[in-house]
Amino acid sequence: MRLSKFFLPTTKETPADAAIASHQLMLRAGMIRQESAGIYSWLPLGFRVLKKVEQIVREEQDRAGAIEMLMPTIQPADLWRESGRYDAYGDEMLRIQDRHKREMLYGPTNEEMITSIFRNFCRSYKELPKLLYHIQWKFRDERRPRFGVMRGREFLMKDAYSFDISEAEAMKSYNRMFVAYLNTFARMGLKAFPMKAETGPIGGDLSHEFIILAENGESEVFCHRDLLDLPPPGLDVDFDGDLQGIVDERTRLYAATEDVHDEAAFAAIPDDKKVSARGIEVGQVFYFGTQYSEPMKARVSHPTQGEVAVHMGSYGIGVSRIVGGLIEAFNDEAGIIWPRSVAPFDVGILNMRAGDEQTDAACEAIYNDLIAAGLEPLYDDTDARAGGKFSKMDLIGLPDQIIVGPRGLKDGIVEVKDRATGERVDLSPIAAVAEIVRRHGTKY
RNA sequence: CGGGGAGUGGCGCAGCUUGGUAGCGCAUCUGGUUUGGGACCAGAGGGUCGCAGGUUCAAAUCCUGUCUCCCCGACCA
């Protein structure tokens, strides 16, 4: 993409309404625009990151054996009366009427709808297990939206739902999602830790929140330091095999959010292993048994026990929230620092003297070579001043930059700068492209 | 929902106490000089001062109502 053709409304000054780094930087980098409290337009740069995050989530859901589908944002109120949640959900649910005065709502989640779909088509244990997911916009009318996309009212979420014949089988589905989540967040460069969590309005018996540590996190978390050093399971894990060992390894040591914090258990941890920090919830997994299948009559025939209600679980990942969470985790004075897997573009090319024949030619060659290598470069081909180009590129946080100017070109070199470390190396244009390709490893 | 704060060119702000027909920085446009870390000079365009009502010869400014947004708390898969 050529910057001169792109839409990237960045600002030098920090907008007054943003309080934390991620919100400020998303506004300054031209990623989002607020439309109303907790409701945002995703401008091209932000949209590209959102899509990258979404795609990683999708790939890991698929790898774990979940099946993608899509349910609507608007749901009929009657469905929610079946589970009793229409009245229980309160003002956080946005209730609306259609032209025929029918009661509808903008879905805050989809347990009722997926249960209704399941019961309509599945009648036998032979259809189980099933693990379905979708990635869709949701709306919760928060009393007080804040922190930009991290606590918005409208948000993009992946939610998966599992259907099993028994609690024991449901645990296998739970474990699938649990392990998939570890890999999902690791691929984004995030260290997310499963912690025991409250089950909340969804209800149920067993739940873990996946938390990334961040100074501006909205909840306080406590855990054993050894948990922080466990590597992700890896993409070659066998999801049809026994995952209990992986889950046990992550849940054996103490880890809890403030809501379910157990002072006594925490006190038992050696002092040098105690971790007390703030965190951002990026995902949550629940097992809630027959809480919805029972009242909504989602039953299947059992080989020996007649008809039984299915055991269910639900598994959410806050896709749009993660974009904010990533910036909280990866930023410095100059701006954002994207991990390579989620960066809106792979590399920036800075033309230090647009209009200079030799410089233009060198930039064009590098730009075309990078595209040919399968990468997505953002080429700053504008005639803006050098300082502005540096600042803008640092602000939007592309992981690598290639700086091309007459000064270097007279010696046959360009500069390759690593945004995260600030490290610069002088290379020939050909070698620079090779170096960028090397850094992006698997993308090539 | 309780407490606090703010709405003035695209962005950040001043002006309001003590009414007199709107200003600064950034951004934008034109011309020129510049050209490797957000340049300089000269000029230009752009605002029903959130909205409604009231007081007054006159309202960004005073009064009443209302809407919106932000912060702290409570709340929150």
Side-chain angles (χ1 to χ4, degrees), chain A residues 9-20 23-24 27-28 30 33-39 85 88-93 107-111 138 140-148 150-153 155 157-161 177 195 197-204 206-211 218-219 257-260 280-288 291-292 313-318 321 333-335 350-356 359 380 382-396 401-410 413-415 417 422 424 426:
Chain A
T10 59
T11 64
K12 204 180 337 186
E13 292 181 271
T14 301
D17 283 348
I20 63 171
H23 191 193
Q24 292 173 348
L27 292 167
R28 284 192 54 209
R33 187 182 81 136
Q34 179 168 325
E35 302 298 350
S36 176
I39 300 179
R85 282 209 293 180
Y89 222 95
D91 290 338
E92 289 215 335
M93 179 183 281
T109 178
N110 288 71
E111 277 81 9
K138 309 253 188 295
R140 286 181 202 160
D141 202 355
E142 300 274 353
R143 281 173 180 173
R144 190 186 158 210
R146 63 184 118 174
F147 303 149
M150 294 217 298
R151 181 76 183 278
R153 292 195 291 172
F155 53 95
M157 168 163 276
K158 183 284 300 183
D159 41 324
Y161 303 92
M177 286 295 106
M195 301 197 173
E198 260 188 334
T199 47
I202 282 189
L206 175 62
S207 176
H208 288 91
E209 283 183 3
F210 285 72
I211 302 278
E218 53 184 344
S219 51
T257 61
E258 54 192 331
D259 303 327
V260 294
I280 299 166
E281 181 198 339
V282 288
Q284 185 158 15
V285 290
F286 287 94
Y287 164 69
F288 46 75
Q291 177 158 337
Y292 296 94
S314 73
Y315 315 91
I317 290 181
R321 165 180 287 193
E333 298 286 297
L350 287 78
N351 185 331
M352 290 292 94
R353 188 78 61 90
D356 175 78
T359 310
D380 188 345
T382 67
D383 61 0
R385 302 176 57 80
K389 292 192 175 192
F390 285 127
S391 298
K392 180 176 287 196
M393 203 56 85
D394 285 349
L395 172 63
I396 68 173
Q401 301 172 10
I402 301 179
I403 300 156
V404 184
R407 204 172 75 185
L409 285 176
K410 75 172 156 35
I413 58 162
V414 298
E415 247 181 305
K417 175 179 158 185
R424 295 154 176 265
D426 289 336

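Atoms considered below: every heavy atom in the structure, side chains included; atoms not considered: hydrogens, waters and symmetry mates. Per chain, numbering begins at 1; letters A, B, ... match sequence-line order.
Contact annotation: Arg385(A) reaches the phosphate of rA39(B) (side-chain N/O to OP1 or OP2, under 4.0 Å). In this model, the phosphate group of rA27(B) is not approached by any side-chain N or O of Thr11(A) to a distance below 4.0 Å at OP1 or OP2. For rC71(B), the OP1/OP2 oxygens have a side-chain nitrogen or oxygen of Arg144(A) closer than 4.0 Å.
Here the side chain of Gln24(A) pairs a donor or acceptor atom with the backbone of Ala18(A) at under 3.5 angstrom. A distance-only check finds a donor-acceptor pair linking the side chain of Lys389(A) to the backbone of Asn351(A) [under 3.5 Å]. Arg153(A) places a side-chain N or O within donor-acceptor distance of the main-chain N or O of Ala37(A), the cut-off being under 3.5 Å.
Using N1 to N3 plus N6-O4 or O6-N4 for Watson-Crick, or N1-O2 and O6-N3 for G-U wobble, each under 3.5 Å, rU28(B) pairs with rA44(B). If you check rU66(B) for Watson-Crick or wobble pairing at under 3.5 angstrom, you find it paired to rG50(B). Pair assignment for rG9(B) gives none, since no Watson-Crick or G-U wobble pairing has each distance under 3.5 Å. Nucleotide rC16(B) is matched to nothing when pairs are restricted to Watson-Crick or G-U wobble geometry with both distances under 3.5 angstrom. The partner of rA58(B) is absent, by the rule that a Watson-Crick or G-U pair needs both atom distances under 3.5 Å. rC1(B): Watson-Crick or G-U partner is rG73(B), with both key distances under 3.5 Å. In this structure, rA39(B) forms a base pair with rU33(B), meeting either the Watson-Crick or the G-U wobble geometry with both donor-acceptor distances under 3.5 Å.
The only member of Arg85(A), Met93(A), Lys138(A) that meets side chain to side chain contact (heavy atoms under 4.5 Å, CB included) when paired with Pro108(A) is Met93(A).
Toward the 5′ end of RNA chain B lies the nearest nucleotide of Pro406(A), the other residue of the pair Pro145(A) and Pro406(A) mapping further downstream. If you find the closest nucleotide of RNA chain B to Asn110(A) and to Ala334(A), the one lying nearer the 5' end belongs to Ala334(A).
Separating the CD1 atom of Ile39(A) from the C1' atom of rC69(B) is a distance of 13 Å, rounded to the nearest angstrom. In this structure, Ile20(A) atom CD1 and rC72(B) atom P are separated by 10 Å, rounded to whole Å. Per the geometry, CZ belonging to Arg146(A) stands 9 Å off P belonging to rA74(B), to the nearest Å. Rounded to an integer number of Å, the gap from CZ of Arg28(A) to P of rA27(B) is 13 Å. Residue Arg321(A) contributes atom CZ, which lies 14 Å from atom P of rC76(B) at whole-angstrom precision. Atom CZ of Arg143(A) is separated from atom P of rU68(B) by 17 Å (rounded to the nearest Å). The distance between atom CE of Met393(A) and atom C1' of rG38(B), rounded to the nearest whole Å, is 14 Å. Put simply, CZ on Phe147(A) is 12 Å from C1' on rC70(B), counting in whole angstrom units.
For Arg151(A) and rC76(B), a side-chain-to-base donor-acceptor distance below 3.5 Å is present, hydrogens and geometry of angles not being considered.
Checked against rG38(B), rC69(B), rC71(B), the side chain of Ala19(A) finds its nearest nucleotide in rC71(B). Ranking rC70(B), rC1(B), rG36(B) by closeness to the Glu415(A) side chain, first place goes to rG36(B). Taking every side-chain heavy atom of Ala16(A) into account, rG12(B) is the closest of rG36(B), rG12(B), rG38(B). Of the listed nucleotides (rA27(B), rU35(B), rC72(B)), rA27(B) has the atom at the smallest distance from the side chain of Lys12(A). Closest to the side chain of Ile403(A), from the set rC69(B), rA74(B), rG36(B), is rG36(B).
Across all strands shown, Leu350(A) has no heavy atoms under 4.0 Å from either base or sugar-phosphate atoms. Pro9(A) comes within 4.0 angstrom of nothing in the nucleic acid, heavy atoms only. Heavy atoms of Gly387(A) sit under 4.0 angstrom from primed sugar atoms or phosphate atoms, though from no base atom. Note on Gly408(A): a base of the nucleic acid sits closer than 4.0 angstrom, heavy atoms only. Within the 4.0 angstrom heavy-atom criterion, base atoms lie near Asp394(A). Nucleic acid contact for Glu218(A): none, since no nucleic acid atom lies under 4.0 Å from a heavy atom of the residue.
Taking the P atom of each, rG43(B) and rG53(B) are spaced 41 Å apart, rounded to whole Å. Taking atom P in both rU61(B) and rG19(B), the straight-line distance is 12 Å, to the nearest Å. For rU8(B) and rA59(B), the C1' atoms lie 14 Å apart once the distance is rounded to whole Å. For the P atoms, the distance linking rA58(B) with rA44(B) amounts to 34 Å, nearest Å. One P atom belongs to rG50(B), the other to rG15(B), and the distance between them is 15 Å to the nearest Å. Between rC40(B) and rC26(B), the distance separating the two P atoms is 8 Å to the nearest Å.
Annotation for Asp91(A): atom CG does not count as buried by contact number, only 12 or fewer foreign heavy atoms lying within 6.0 Å. For Asp383(A), the CG atom sits in a loose shell: 12 or fewer heavy atoms of surrounding residues, nucleotides or ligands are nearer than 6.0 Å.
Salt-bridge annotation for Glu218(A) and Arg321(A): present, with a side-chain N of the basic residue lying under 4.0 Å from a carboxylate O of the acidic one.
Between Tyr292(A) and Phe288(A), the two ring planes are perpendicular [angle over 60°; tilted spans 30° to 60°].
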